[in-house]
Amino acid sequence: MSKIKNIVVLTGAGISAESGIRTFRDTGGLWEDHSIEEVATPQGYADNPELVLGFYNARRAQLSKVEPNAAHIALAKLEAGLMERGGLLTIVTQNVDDLHERGGAKNIIHMHGELLSQWCRVCDRKFKSAEAFTLQSQCPKCESIGKVRPDIVWFGEMPYFMDTIEAHIQNCDLFVSIGTSGAVYPAAGYVQVARGLGKQTLEINLEPSEGSYLFHESRLGKAGEMVPAWVDEILGLL
């Protein structure tokens, strides 16, 4: 690879699955016997907010039972190594867990929201909380009751920080996708954006993604094994 200073890494469910977090494609596309339409759409929330709140309460409670794996920790190592050399690692994650943060990384963009962030539909403010929320819960900002929803981007909603993400891709030397299916847009289209800008591209995945053919290189295997090896390789080139 030519001189690399700035790297954008896109991560998906595959990197967290190795820590024990279940992906939404498990069991035929169902989450704990609920359809995506029931628990991951604005209409599902409007139809049954209690069900949706309970679903995300359970997902949030799971965070205390899992730990970042070697891939998360390796990316934090890469971030520190690039910073020491005047470079930048930007992690763009589709995951709503906090494993990148707990793994030590700092420059993280959560394009699909965060389990530990809540959003009041009355005052439009967002706040961090690990608590369980119900229809009786009160917003700590405006004190409205029963109006706090998970700060999660659901199907049919616009992902966060789109302009910022594309700006980082424009300024990077290498775009890397780790643990993604390549099926969910707009994230699945970022490799095409990077290629169109003349950037180097790499996929690290358990198996080829739907857009695997778009990458300059594809490395297949477990993220917990492949990512640390790749990070050591990159740091050795700097």
Side-chain angles (χ1 to χ4, degrees), residues 10-13 15-17 19-68 72 91-103 105-165 180-181 183-188:
L10 172 70
T11 65
I15 196 171
S16 292
S19 290
I21 291 184
R22 195 175 179 192
T23 73
F24 80 84
R25 292 181 180 275
D26 282 347
T27 63
L30 300 180
W31 267 319
E32 300 291 347
D33 300 322
H34 297 301
S35 70
I36 288 172
E37 290 74 20
E38 284 181 311
V39 297
T41 65
Q43 188 60 52
Y45 180 72
D47 290 344
N48 195 340
E50 191 169 21
L51 171 69
V52 174
L53 290 173
F55 175 82
Y56 286 97
N57 287 339
R59 304 281 73 72
R60 199 175 303 114
Q62 186 189 20
L63 294 179
S64 64
K65 302 173 184 176
V66 297
E67 297 292 337
H72 297 105
I91 298 174
V92 178
T93 186
Q94 300 171 81
N95 300 332
V96 296
D97 59 62
D98 62 344
L99 293 178
H100 280 303
E101 287 87 347
R102 288 162 57 195
K106 294 178 173 54
N107 190 28
I108 306 158
I109 298 174
H110 282 272
M111 65 180 297
H112 290 163
E114 302 177 64
L115 280 172
L116 295 176
S117 180
Q118 316 304 323
W119 178 14
C120 177
R121 295 181 298 135
V122 174
C123 66
D124 198 34
R125 283 187 280 187
K126 298 178 180 181
F127 57 93
K128 293 296 181 68
S129 177
E131 296 179 13
F133 281 81
T134 70
L135 294 178
Q136 288 72 48
S137 295
Q138 187 177 59
C139 171
K141 305 295 184 180
C142 70
E143 300 184 346
S144 296
I145 295 175
K147 299 299 182 181
V148 176
R149 60 160 273 187
D151 184 18
I152 301 292
V153 176
W154 289 327
F155 289 89
E157 297 180 328
M158 181 65 69
Y160 297 152
F161 312 115
M162 296 291 290
D163 291 344
T164 301
I165 293 168
T180 66
S181 65
V184 179
Y185 285 82

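Just so it is clear, the model here is predicted, and its values are computed rather than measured.
Closest approach of M162 to P159, counting heavy atoms only: CG-O, 3.5 Å. The two residues Q62 and G20 make their nearest non-hydrogen contact at NE2-O, 3.2 Å. Contact between T11 and T93 at its shortest, heavy atoms only, is OG1-OG1, 2.8 Å. A pairwise comparison of heavy atoms in S16 and N95 identifies OG-ND2, 3.3 Å as the closest pair. Shown here for V122 and S144, the closest heavy-atom pair between the two residues is CG1-OG, 3.4 Å. Closest approach of S137 to A132, counting heavy atoms only: OG-O, 4.1 Å.
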Report, one line per pair, each donor and acceptor closer than 3.5 Å where one atom sits in a side chain of residues 146-154; sequence neighbours left out.
unit_1: R149; atom_1: NH1; unit_2: E157; atom_2: OE2; d: 2.9
unit_1: R149; atom_1: NH2; unit_2: I152; atom_2: O; d: 2.6
unit_1: R149; atom_1: NH2; unit_2: E157; atom_2: OE1; d: 3.3
unit_1: D151; atom_1: OD1; unit_2: K126; atom_2: NZ; d: 3.4
unit_1: D151; atom_1: OD1; unit_2: Y160; atom_2: OH; d: 2.5
unit_1: D151; atom_1: OD2; unit_2: S117; atom_2: OG; d: 2.8
unit_1: W154; atom_1: NE1; unit_2: Y56; atom_2: OH; d: 3.0

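The backbone N or O of I145 lies less than 3.5 Å from no partner atom in the side chain of Q138, so there is not a single donor-acceptor pair. For the pair T134 (side chain) and Q136 (backbone), a donor-acceptor distance under 3.5 Å is present. R60 places a side-chain N or O within donor-acceptor distance of the main-chain N or O of L115, the cut-off being under 3.5 Å. Of the possible donor and acceptor atoms, one in the side chain of N48 sits under 3.5 Å from a partner among the backbone N and O of L51.
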| request: Might you work through the side chain to side chain contact (heavy atoms under 4.5 Å, CB included) test for L53 and L135, ending with a clear yes or no? | output: CA-CA 8 Å; L53 290 173; L135 294 178; 4.0 Å; yes

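In this structure, Y45 and R121 have side chains that are in contact, with non-hydrogen atoms separated by less than 4.5 Å. For the pair M111/Q94, a side-chain contact is recorded, criterion being any heavy-atom separation below 4.5 Å from C-beta on.
Between E114 and K128 there is a salt bridge, with a side-chain nitrogen of the basic residue lying less than 4.0 Å from a carboxylate oxygen of the acidic one.
Under the salt bridge (charged side-chain N to carboxylate O under 4.0 Å, His left out) criterion, K65 pairs with no residue, sequence neighbours left out.
For R59 and F55, the positive end sits near the middle of the six-membered ring, less than 6.0 Å away and at most 45° from its axis.
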